[in-house]
Amino acid sequence: MKLILDWDGTVTVRDSQWLLLDRFGDRAVWRAAEEGLGRTLSYRELMETEMATITVPLEEAVSYLLDTVEVRQGFAELASRYDPLVLSSGFVETIEPILAREGVEVDVVANRLDPRPDGWRVRWNDDAPCPECGDLCKRRSLPDGGPLVYVGDGYSDRCAALAADRVFARRALAEYLDEQRIPYEPFETFDDVAAALT
Ligand SMILES: [Mg+2]
Ligand SMILES: [Zn+2]
């Protein structure tokens, strides 16, 4: 069994990209952009538009996240027991400092940042569109072999979750799976996930 964890809103209690945009980005731009997601904007366009509103040095942003981001109860224990892969549409540069703070070593597959002073750019880990959903998507980065257990919370988890053998979901991902009548297990903490996997 391979355990796959989304990062923002799944490992982290609050979405760290939202925290960054709220603290350092242009709210008007990202509010408008979020409204268009899945309609007038692809996920790629949304991310690029939002991140371009951040202009602070990366160190300042990371320092803010280190002070602000909380990880979900039971993360370190789950990580040491199941050696999960963190598969995120966020950024290696903002994930790894939090892992280090928590003393957790896991593999991370995520995008990268080019934090330019005229607006951050996204360096996509995989910029070929997914054959299933047509957008940039985490499904193509799932490991081969299985069974796969996927744990997520949001829009960017939809397509990857459909490819997993077992899904733990909360918030927007849970609502989507309800609509699609696809079974999943709800969770609040990683203690819940660990108990269900035992
Ligand atoms: Mg998420
Ligand atoms: Zn997809």
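First listed ligand is number 1; within each ligand, the first listed atom is number 1. The structure presented is a predicted model; accordingly, all values stated were derived computationally and were not measured. What's counted below: heavy atoms across the whole structure, side chains too, no hydrogens, waters or symmetry copies.
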### Message
Using only atom types and a distance under 3.5 Å, with no angle test, would you say the side chain of Arg14 pairs donor to acceptor with the backbone of Thr12?
### Response
no
### Short side-chain to backbone donor-acceptor contact, Thr68 and Leu65, under 3.5 Å
no
### Task
Take the angle between the ring planes of Tyr43 and Tyr155 and call it parallel below 30°, perpendicular above 60°, tilted in between.
parallel
#### Entry: Closest non-hydrogen atom pair, Gly74 against Asp191
CA-OD1, 3.4 Å
### Message
Test side chain to side chain donor-acceptor pair (under 3.5 Å) on Tyr184 and Asp178; report intermediate values, then the result.
### Response
CA-CA 9 Å; Tyr184 65 90; Asp178 280 334; 3.1 Å; yes
### Task
Work out how many protein N, O or S atoms lie closer to the Zn ion (ligand 2) than 2.8 Å.
4
### Message
Restricting to non-hydrogen atoms, name the atom on Asp6 and the atom on Asp8 that form the minimum distance, rounded to 0.1 Å.
### Response
OD2-O, 2.9 Å
## Note on the structure
On a heavy-atom basis, the closest approach of Leu58 and Pro115 is CB-CG, 3.9 Å
### Message
Taking atom CD as the centre, does Glu105 end up with more than 12 heavy-atom neighbours from other residues, nucleotides or ligands that are less than 6.0 angstrom away?
### Response
no
### Message
What protein N/O/S atoms are there under 2.8 Å from the Mg ion (ligand 1), waters excluded?
### Response
Asp6 OD2, Asp8 O, Asp153 OD1
### Task
Rounded to the nearest 0.5 Å, what's the gap from CG on Asp192 to CD on Gln73? Could you check?
9.5 Å
